[in-house]
Each structure stands twice: as C-alpha cells, then as structure tokens.
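Counting starts at 1 for both ligands and their atoms, following the listed order.
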Amino acid sequence: MEETTRSRRTGRMARRVPAAEVFDGLERATVLDRPIAVISKQVRRKLGPGKTRDFLHGVPIGHPLHPALAMVSFGCWLSAGVVDMTKTGSRAARTLILAGLGSAVPTVAAGLTDWSTLHREQQRVGLVHAMTNAAAAVCYTGSLLLRMRGRERAGRALAYAGLAAASAGGYLGGHMSYRQAAGANHAESVGHLVPLGWHDLCALKELPNGRPVRRRLGYIDLFVIRLGDDVSVLADNCSHLGGPLHQGRVAMENGEPCIVCPWHGSAFRISDGRVTHGPATSRQPAFQTRLRQDGVVQVRPAE
Ligand code: FES
C-alpha cells in the first residue's frame, strides 16, 4: 500500500518514499559502470581461479566470508564510539580503532572478490558501499593520527564521522544482501517446492550420454546428466546467482565429474551438488534417481 502524507504548505497528498527505495535508484546509476568494469576486470585478473579466491569467497566455511569479517571492523569501531562517548579510556579507543583498521584489510579483499562476480545492478550499489566504507577508514586513520598528537577531542569528532560513514556502508551492504540477494543461496527453495516421494522425470533413452540437459519437474528446472547408466540430477539454477547449470561444461576435479556454471565459474560435484569452487558457497540441491523397469528415470530430493 502506498504511504502518503499531507503537505502543510500545499495541502496535497505527497508520497512518502521508504528509505530503501531511495537506494534502489543506485541500482540504475549507469554512470558507475565504467569504473566498475575496470575494477572488476582487474580483480578477476589478479585473483584468477584457485584456493585463494575460493577462500576469500568463503567456500571453506559455506558462507560468504566478507560479512563475517565486516562485523569485526564495525564492531571495533562501534565499541570505540562507546568508549569515546563514555570517556572511559583513550588508550582503549585507540586500540579498538587500530584493530578495526587492521581487520578492514581482509574484509576489503573478501568484499572485492565477491563484488567482482555480481550482477551489474548489485555492483553499482556495491561500489558506493565500498566508497562509504573507504571514507570511514580514512576518518578513523585521521582520528588515530590526531589522537597520537594529543588532539583527543578532534580525534573523537573524526571517529564519530567515521562511524556515520561505516553505518551508511553497512546499510548499503544490507541492501545488497537482503534486497538484491547478493551472497544469498539462490537455489535453497528448490527442495521445498518438490513434493515428497518419487516422480517420473523422463525416459533414460531420451538423455544424451555425457552432455548436460535441462528437464522440468512440474515448474522446476532440473540439471540432468547421464554418464553411462548413471543419471545425476541437480537443481538447474546455480546457488550463486541463478545461472543455468545445464549450459555449463563438465570438468574433472579430484577424479570426480563437476559442472562449471557458465556465468561466474562456480563448480559443483555432479554426484551430490557439493561446491568445489566459488563464488558459490552453498551446495547445489541434489536429487536421488532410480530407473523404473520400463526405462523411466525417477527422482526425489536427496535427504
Ligand atoms: S550464477 Fe554465478 S557462478 Fe553460477
């Protein structure tokens, strides 16, 4: 329902715009596209595929790493603000600011890694998110320098400015996560949409050997691959950002066949959907299969 308020001056009903809608405009800020293209290309080139990139995405912990690291920096800076406000220890405030600055380094590395594989609309918001957080880091660095020169009051003022910038950055990070679903699992709902029990999928003879195809179960798209008499089935929409896995390529990883997403290169083990390479951090929903006597492949969600 549209929220309205009556203007005192004109008496007209004016639409009250929710805060998040103001930031929706950032998603359409095409003016940011040129720096985004340059920076994200550089990040992807510098990192390349491999263990470091997977680690920065958060593959080993099964969640994006960046939000967890960001909590450390923000927590330190928020605590420094409380110490400043209550004037309970200038040394403690300095230590907290320094710890926040130190943890910002891996936070930025993980954030840039995730950001380089997002949709353009998410990257536009992400770039402003990064700029506000960079402003926060500059304020805190300045605050620390002022305090070291004995200018405590000015140092506190600059730290409050840093906290305001970091809060704005945090809000934009929330916008990316909750409104634009960056970092969320885009395949989580699949297991809930398939009724319990076995379902007929297709005849085995209709499936090409070794080539992924898409088949529909009701209104759900499934990635299906036949390797000899074995049929493996996963949700087709990639857990990273929903890319079509059936258009990906099959690659061997530690002797096991994996499907590589055509959009950003996440790799999932075909047998059970486990992530072998990011940017995806969530397992791809997998299905159990069996072959009926008349040659029909049946599926049900894996437990
Ligand atoms: S959609 Fe990004 S890796 Fe699949």
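Under 2.8 Å from atom 4 (Fe) of ligand 1 lies an N/O/S atom of Cys238, whether from backbone or side chain.
Interatomic distance, CG of Asp84 versus OG of Ser90, reported as 9.0 Å (0.5 Å rounding). Summarising the geometry, atom OG belonging to Ser282 is positioned 9.5 Å from atom NE2 belonging to His186; distances are rounded to the nearest 0.5 Å.
Atom ND1 is the N, O or S atom of His264 at the shortest distance from atom 2 (Fe) of ligand 1. For His240, the N/O/S atom at the shortest distance from atom 2 (Fe) of ligand 1 is named ND1.
Connection of Val297 to Ile270 is not established within any shared hydrophobic cluster, with ILVMFWY side chains joined at heavy-atom distances below 4.5 Å, either directly or through further cluster members.
Aromatic rings of His264 and His240 (six-membered ring for Trp) have centroids within the 6.0 Å cut-off, being under it.
Interface atoms of ligand 1 facing Leu241, defined by a heavy-atom separation under 4.0 Å, are 1 (S). Those atoms of ligand 1 with a heavy atom of Trp263 less than 4.0 angstrom away are 1 (S).
The nearest heavy-atom contact from the protein to atom 3 (S) of ligand 1 is Ser266 OG, 3.1 Å.
A donor-acceptor pair shorter than 3.5 Å can be found between the side chains of His57 and Asp114.
Summarising the contacts of atom 4 (Fe) of ligand 1 with Cys261, Ala187, Gly243, Pro244, the nearest heavy atom is found in Cys261.
For the pair Arg215 and Asp236, the salt-bridge criterion is not met [side-chain N within less than 4.0 Å of a carboxylate O].
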